[in-house]
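Notes for the one structure printed next.
Keep in mind that this is a model prediction, so the values were computed, not measured. Along the sequence shown, residues are numbered consecutively beginning with 1.
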Amino acid sequence: MSARIASIAAVLLALTASTTLAQTKDTLTIDLPGDAATLDPHLQWNTDSYTIYRNIFDNLLTRDASGEIVPQIAKSWKYLDDKTIEFQIREDVTFQDGSKLTAEDVAFSINRIIDPKLKSPQLSQFDQIEKAEATSPTTVKMTTKSPYPALLAQLVKLSIVPKAYVEKVGDQEFNLKPLGSGPYKMVNWQKGIQTELQAYDNYWRAKPPFENVVFRAVPDVSTRIADLKTGKADLIRDVPPDQTASVDGDSNSQVLSVPTERVGYMFINAEAGPTKDVRVRQAIAYAIDRDALIQSLLEGYGAPVNIVGAKPVFGYTDKVRGYPYDPEKAKELIKAAGAEGAKVEFLTSPAYNRAMVEAIQQMVNEVGLNVEISSSDQATFLKRRQGDPANAGGLALGAWSCACQDADGIIFPLFRSGSIWAKYKNETYDALVDKARTILDEDERLKLYEQAYEILREDVPGMGLYQAYALYGASKKLKWQPTANESMFVMDMGWQQ
């Protein structure tokens with residue numbers, strides 16, 4: 001494999017591409033649908049957690065506004081062979097306690113997230129890494145178990161943590177009092193209420209644009225919108241499509257949107273309850289009118305997909321047929337399975353569109369099942385969804401993004417047996433996705449993913465609903481351009497009076 005070397009000039013250009021406007025506001029207030037489930041970046045990968053902790057930590061690599069992989073803590077890299085890559089680490093970075101970030105911290109971060117003892121929900125996205133070692137204060141050598149074509153795409157999510165601090169305080173204390181090298185340090189976390197960050201004045205890139213950032217947990221969307229309109233919040237996440245006109249109609253507010261790699265999908269438990277029968281799962285697929293959901297509830301902020309994947313993702317294919325809306329066929333399958341009136345639990349949380357949950361509930365009930373909605377906070381939802389099949393519910397909405405733009409980061413963790421997300425097992429499918437992540441030939445990988453998607457279509461452990469758009473409400477004074485990877489980096493924002 002030819003060596004790939006990222007130039008120092010490229011990173012400097014990428015990291016300074018966005019212009020930070022003159023700071024005229026001390027505190028930026030952001031309303032999120034929920035609180036962070038964790039502030040340890042090696043644990044949960046849900047949107048509200050990532051939104052906050054990504055401003056506390058730097059990553060090994062990142063993506064620029066165009067989606068290209070560019071350096072961050074690693075200033076350059078090159079392949080030594082198909083399974084060995086060497087990173088050169090920046091020498092001008094310090095953690096928020098003033099200690100210097102070195103190659104030892106990078107190697108520790110890599111080895112920590114792949115350690116099974118940590119039980120990271122992100123493990124399946126990094127488990128092709130065999131080990132990392134610091135070969136000098138500024139050099140890290142990483143080896144993979146096999147050639148791994150999605151390696152760099154996955155590493156854009158790897159946050160660097162301080163080895164000495166984590167070893168001193170332990171994993172639990174680190175989660176409560178995180179310490180990173182990012183532009184903002186955590187000063188107060190009132191669980192379930194808000195997280196307060198303060199600018200790190202010695203941040204290596206540039207001076208952060210706001211002295212303070214407050215992330216507030218505001219589950220009720222009407223409250224988030226009211227906060228924006230009254231100036232209590234400067235930015236809100238997850239504006240429902242049917243509320244965009246209300247936000248845009250306000251003289252002080254604006255809607256910011258971008259199509260993303262995120263896919264809205266339906267999880268269907270293939271290992272427990274009535275949905276263990278494939279006929280019931282197929283009936284649910286026939287019962288859901290995706291076009292109606294997109295037209296009525298997404299207001300055009302979405303595009304239909306036939307698979308659990310979206311166009312920006314490597315491995316996406318439009319060759320796999322979707323399930324047409326056919327409630328009569330669904331009723332026949334429910335009857336054949338002897339599942340008429342069977343109770344199906346639908347897990348959800350405030351992070352998901354309640355109107356869509358209820359619409360899907362009605363559609364599935366109309367074909368003969370008895371769907372009951374169980375709503376909880378996001379942390380509880382994730383614990384159940386990632387737990388034993390018997391307690392994972394029969395259905396759940398998902399909005400999945402690996403931020404890697406590769407099918408390996410989507411259908412491998414969602415459906416490969418052994419993953420904490422998967423409530424499904426098919427040995428042929430497992431073999432296909434295993435092989436796809438160990439070969440470098442892109443054409444061959446695409447063929448393997450097409451075959452894997454065909455199996456998912458037949459077995460229906462989940463179904464794609466739509467390519468999601470990210471929708472934010474913002475003050476008109478906030479200057480920010482959202483990106484397809486949905487990274488809410490405060491460093492890329494500015495304020496203009």
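If you run salt bridge (Lys or Arg N to Asp or Glu O under 4.0 Å) between Asp40 and each of Arg112, Lys177, Lys119, only Arg112 comes through. Checked options Asp171, Asn175, Val169; the residue passing with Glu173 is Val169 (criterion: side chain to side chain contact (heavy atoms under 4.5 Å, CB included)). A side chain to side chain contact (heavy atoms under 4.5 Å, CB included) with Val93 is found for one member of Asp105, Ile160, Leu101, Thr102 and no other, namely Leu101.
Ala134 and Ala107 make their closest contact through N-CB, 3.9 Å (heavy atoms, listed as atom of the first residue, atom of the second, distance). Summarising the geometry of Gly309 relative to Val263, their closest heavy-atom pair is N-CG2, 3.7 Å, with the distance given to 0.1 Å. Contact record, Val490 with Pro209: O-CG, 3.2 Å, taken as the closest heavy-atom pair. Considering all non-hydrogen atoms of both residues, Phe346 and Met266 come closest at CZ-CE, 3.8 Å. Of all the heavy atoms in Arg63 and Ala153, the pair that sits closest is NH2-CB, 3.8 Å. Scanning all heavy atoms of the two residues, the minimum distance from Ala36 to Ile52 falls at CB-CD1, 3.9 Å.
Using the six-membered ring where Trp is involved, Trp480 and Tyr472 have ring planes that are perpendicular, over 60° apart on the 30 and 60° scheme.
Residues Ser475 and Asp234 bring no donor and acceptor atom of their side chains to less than 3.5 Å of each other. With no hydrogens or angles considered, a side-chain donor-acceptor pair links Gln44 and Gln386 at under 3.5 Å. A donor-acceptor pair shorter than 3.5 Å cannot be found between the side chains of Thr62 and Asn59. Using a 3.5 Å distance cut-off with no hydrogens or angles, the side chains of Tyr453 and Arg457 do not pair a donor with an acceptor. With 3.5 Å as the limit, one finds a donor-acceptor pair spanning the side chains of Ser349 and Gln378. A side-chain donor-acceptor contact under 3.5 Å links Tyr200 and Thr94. Side-chain contact annotation: Gln194 with Glu196, donor-acceptor N/O pair under 3.5 Å present. Under the 3.5 Å distance criterion, with hydrogens and angles disregarded, a donor-acceptor pair is assigned to the side chains of Asp58 and Tyr203. Side-chain N/O atoms of Asn391 and Arg385 include no donor and acceptor closer than 3.5 Å. Residues Gln128 and Ser146 bring a donor and an acceptor atom of their side chains to less than 3.5 Å of each other. Side-chain atoms of Ser49 and Asn46 form a donor-acceptor pair, as typed in the model, at a separation below 3.5 Å.
At least one side-chain heavy atom of Lys435 sits under 4.5 Å from a side-chain heavy atom of Leu448. Inter-residue side-chain proximity for Leu471 and Pro241 is flagged as met; some heavy-atom pair is nearer than 4.5 Å. Side chains of Leu432 and Ile455 form a contact here, defined as non-hydrogen atoms less than 4.5 Å apart. Contact annotation: the side chain of Gln190 never approaches that of Thr195 to less than 4.5 Å [non-hydrogen atoms, C-beta and beyond]. The side-chain heavy atoms of Tyr265 and Trp400, taken from C-beta on, include a pair separated by under 4.5 Å. When side chains are defined from C-beta on, Phe210 counts as touching Lys25, because their heavy atoms get closer than 4.5 Å. Side-chain contact between Lys131 and Met142: absent, with no pair of heavy atoms (C-beta onward) separated by less than 4.5 Å. Side-chain contact between Thr260 and Tyr469 is absent, with no heavy-atom pair separated by less than 4.5 Å.
The pair Arg437-Asp408 counts as a salt bridge, with a side-chain nitrogen and a carboxylate oxygen less than 4.0 angstrom apart. Contact check on Asp48 versus Arg237 returns a salt bridge, with a Lys/Arg side-chain nitrogen under 4.0 Å from an Asp/Glu carboxylate oxygen. A salt bridge links Arg90 with Asp92; the closest basic N to acidic carboxylate O contact falls under 4.0 Å. With salt bridges taken as basic N to acidic carboxylate O contacts below 4.0 Å, none links Asp31 and Lys232. Under the 4.0 Å criterion applied to side-chain N and carboxylate O atoms, Lys276 and Glu271 are not assigned as salt-bridge partners.
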What verdict does the side-chain contact (heavy atoms from CB on, under 4.5 Å) test give for Leu32 and Arg216, after you've listed the backbone C-alpha separation in whole Å, the side-chain angles of each residue and the deciding distance to 0.1 Å? CA-CA 6 Å; Leu32 302 177; Arg216 302 191 304 187; over 6 Å; no
Test side-chain contact (heavy atoms from CB on, under 4.5 Å) on Glu211 and Asp26 and set out the steps. CA-CA 5 Å; Glu211 182 62 27; Asp26 181 68; 3.2 Å; yes
Are Asn269 and Leu395 close enough, and set up right, to give a side-chain contact (heavy atoms from CB on, under 4.5 Å), and what steps lead you there? CA-CA 6 Å; Asn269 193 333; Leu395 301 174; over 6 Å; no
Show your reasoning for whether salt bridge (Lys or Arg N to Asp or Glu O under 4.0 Å) applies to Glu486 and Arg54. CA-CA 11 Å; Glu486 300 178 78; Arg54 185 60 179 89; over 6 Å; no
Would Arg445 and Phe314 satisfy side-chain contact (heavy atoms from CB on, under 4.5 Å), going step by step from the backbone distance to the final call? CA-CA 9 Å; Arg445 288 189 75 213; Phe314 179 89; 3.2 Å; yes
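To the nearest 0.5 Å, the span separating OG on Ser417 from OH on Tyr424 amounts to 9.5 Å. In this structure, Tyr301 OH and Asp242 CG are separated by 11.0 Å, a value rounded to the nearest 0.5 Å. Put simply, CD on Gln72 and CG on Leu61 are 8.5 Å apart, with the number rounded to the nearest 0.5 Å. Rounding to the nearest 0.5 Å places CG of Asn306 at 6.5 Å from OH of Tyr316. Taking CG from Asp127 and CD from Gln122, the interatomic distance works out to 12.0 Å, rounded to the nearest 0.5 Å. Atom-to-atom distance recorded for Ile288:CD1 and Leu293:CG is 7.0 Å, nearest 0.5 angstrom.
Taking the ring axis of Trp189 as reference, the NZ or CZ atom of Lys191 stays within 45° of it and closer than 6.0 Å to the ring centre. Both tests do not hold together for Lys423 against Phe415: distance to the six-membered ring centre under 6.0 Å, angle to the ring axis within 45°.
Shown here are the ring pair (Phe, Tyr, Trp, His ring centres under 6.0 Å) partners of Phe215, two or more places apart in sequence or in another chain: there are none. For Asp97, the side chain to side chain donor-acceptor pair (under 3.5 Å) partners are Ser99, not counting sequence neighbours.
Within a 6.0 Å sphere centred on NZ of Lys145, other residues, nucleotides and ligands contribute more than 12 heavy atoms.
Using a distance-only test at 3.5 Å, with no hydrogens or angles considered, no donor-acceptor pair links the side chain of Ser374 to the main chain of Glu345. The closest donor-acceptor contact from the side chain of Ser120 to the backbone of His42 lies under 3.5 Å. Judged by distance alone, with hydrogens and angles left aside, the side-chain atoms of Gln405 form no donor-acceptor pair with the main-chain N or O of Glu261 at under 3.5 Å. Looking only at distances, a side-chain donor or acceptor of Asp377 sits under 3.5 Å from a matching main-chain atom of Ala379.
A centroid separation of less than 6.0 Å is found between the aromatic rings of Phe381 and Tyr352.
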